[in-house]
Amino acid sequence: MRFALVVQGAPFSGASFSAYHFANAVITTGHELYRVFFYQDGVYSGNALSVPPQDEWDIQLKWEQLHLRHDVELIVCIASSLRRGLLDSTEAERYDKPAHNLGSAFEISGLGQLIDASLNSDRVITFGPC
Amino acid sequence: MRFALVVQGAPFSGASFSAYHFANAVITTGHELYRVFFYQDGVYSGNALSVPPQDEWDIQLKWEQLHLRHDVELIVCIASSLRRGLLDSTEAERYDKPAHNLGSAFEISGLGQLIDASLNSDRVITFGPC
Amino acid sequence: MILHTVNKSPLRESSLGSCLQFMAQADAIVLLEDGVYAAIKNVDFGLGAASGRVYALESDIKARGLDARLRDDIKVIGYEDFVTLCTEYDVVKSWS
Amino acid sequence: MILHTVNKSPLRESSLGSCLQFMAQADAIVLLEDGVYAAIKNVDFGLGAASGRVYALESDIKARGLDARLRDDIKVIGYEDFVTLCTEYDVVKSWS
Amino acid sequence: MKRILFVQSKAPHGGLQGQEGLDAVLMGSAFAECTVLLLDDGIFQVLSGQDTGALGTKDYAVTYRALSDYGVDRIYCSRDHLEARGLSTGDLLVKVDPLSDDEVKALMAHHDVILNF
Amino acid sequence: MKRILFVQSKAPHGGLQGQEGLDAVLMGSAFAECTVLLLDDGIFQVLSGQDTGALGTKDYAVTYRALSDYGVDRIYCSRDHLEARGLSTGDLLVKVDPLSDDEVKALMAHHDVILNF
């Protein structure tokens, strides 16, 4: 079966952790992970500048490893990420901001990717906001 | 009277807007604003890379203007901001991150500033997390 | 005397309930952000017990379209009144 | 048939209440994150109506120290079981 | 054609969930048969008379009126949740059909995907 | 010496409020007379038997045991909220004094500053 995940909660609300565990389970049980769409506060998971303490997970790094190992598509919604200050180099340039902070494993795209995921997956699982 | 504000909610939860309106009112009513301490998700208010749509407030800019106009001290807690990826140039260097994103009006410091504010203000007002 | 602030909707979260549970006779409440939904008329969220000592922030009331839908014992205030209120109570406690 | 997921504590937010209100006879619930507090024994959060069709995620149960404090009609599952459950229901609906 | 149900359950202005949920509906309307269901505090999003001038957040509720232009002509709510808030459909700025609990269950079962905000 | 009351009201692991609240208590203990009050789901933070190994969040509850070394020897909770969760003090990993509603009111009134998490 083909799964799409929607992550709407900020990294520390648990939503991103749960989605990460679920994403791994989809792969280990032999199903297909079509797309992980980070929306609303979920986009904060893509912040490459986060420095968690040693005894805590770096959820941004976890998602990056999953992307590299299993070629999972990680999309952050452009409207949500602009508002919240998650920029890649293109958006940083467009709005002449001095820096960008989106992890390389994450790709900025529009809400169309959420709808496309809904139309082309068998199951869409939402990991809720606070 | 001397006021200290604690902002614990993320920018769009309303906490930062309310705290900003309150901070202005403290000044216009002739009281003293000792410190605004951004803690937990409140630190996201210091993200200089945020690009809100035209018809919405840029709360980071509003705080910066308040700082410049009335010399209000804006402190973001280091533990919270490191975890959430809000870095100034010093912290970016220390953790060899490629960029920093904290607005220049905001200063990174420790929890001691929250306790100091509690001890040296007449009133401490918290603007709560979600 | 304590000034309690509540910024969560009473139907969605338990913040107002806990506030009312631990509010003393002489204390007062300021409803802000989603907390203002507790001031809506025709619905009982327990505010009767604090009647006359419940304030609500005008900008939050207006943003949510509640100005014509309030209980009549709610005092609608601006931010400057809110600051003054804080000076009239010994401690401010937020319920969120 | 719908698989409902709830990730909020029942004493703090209304999510579980709404889920139970709109849950059909053949539907099931997965409790995750703070939602697992609804599975605590000796307290009635309305889960009796869905008895036998309520699952709870093990990692969230353990993190919160609830493994020895659960109702006996709760089925504790891992993430791989959660994935399988999603394939057995037509739609997954999250209450947050 | 897949049917997508958008469930709005959060109050406006105290967070962006409602606004960003509505954005998703607008996008979805171009590609699928979309229906909106207002539950819990989501009902407050279509309360008439909202004026965010003093607050600084977006007055997005009017966009609900544009939904029919986007082919989304069905907006439902829970009658129980509407009444629990002391409201009637007359208080709302757009036409909303209140549903009984069983009708809500049927509506949810009728859709292929449920997106939640 | 100013008295600061730290109120914990959120469950652990579903967010950082509890953990970051406890950090604030530790800092405060060096400068002021600090007391901790557990209300609502804050009581769950001191439930015994927590094991976050599989989850990835920090097992910070043990730090509550260190509070007395920091001079914070008073941890209170609402008896009503404890019982509403089917718990007793025996379920907790640190000594906590349950208070009646009136005792909670008196405790709050007894402090100069109340910090909330």
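Treat the numbers as computed from the prediction; the structure is a model and nothing was measured. Numbers restart at 1 for each chain; the letters A, B, ... are given by sequence-line order, proteins then strands.
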Could you measure the distance from the [atom1] atom of [X] to the [atom2] atom of [Y]? Nearest 0.5 Å is fine.
| X | Y | atom1 | atom2 | answer |
| --- | --- | --- | --- | --- |
| F/L55 | D/S59 | CG | OG | 5.5 Å |
| F/L47 | D/I40 | CG | CD1 | 6.5 Å |
| D/R64 | F/Q50 | CZ | CD | 9.0 Å |

Subject >> Between F/S48 and D/R69, a side-chain donor and acceptor under 3.5 Å >> reply: yes
**OP:** Look at atom CZ of D/F45 and say whether more than 12 heavy atoms of other residues, nucleotides or ligands are closer to it than 6.0 Å.
**Re:** yes
**OP:** Apply the test side-chain contact (heavy atoms from CB on, under 4.5 Å) to residues D/L11 and F/D40: give CA-CA distance (whole Å), side-chain angles for both, the deciding distance (0.1 Å), then the verdict.
**Re:** CA-CA 8 Å; D/L11 285 153; F/D40 288 298; over 6 Å; no
Original post:
Between F/D41 and D/S9, which heavy-atom pair has the shortest distance, and what is it?
Top reply: OD2-OG, 2.6 Å
**OP:** Against chain F, work out which of D/L57, D/N42, D/V43, D/L66 has the most heavy-atom pairs shorter than 4.5 Å and name it.
**Re:** D/V43
**OP:** Kindly indicate, with the supporting measurements, whether the criterion side-chain contact (heavy atoms from CB on, under 4.5 Å) is fulfilled by F/K10 and D/R12.
**Re:** CA-CA 9 Å; F/K10 303 283 168 39; D/R12 172 145 182 80; 3.3 Å; yes
Original post:
At a heavy-atom separation under 4.5 Å, does F/D91 approach chain D through its side chain, its backbone, both, or neither?
Top reply: both
Original post:
Among F/P12, F/G86, F/A54, which residue forms the greatest number of heavy-atom pairs with chain D at distances under 4.5 Å?
Top reply: F/P12
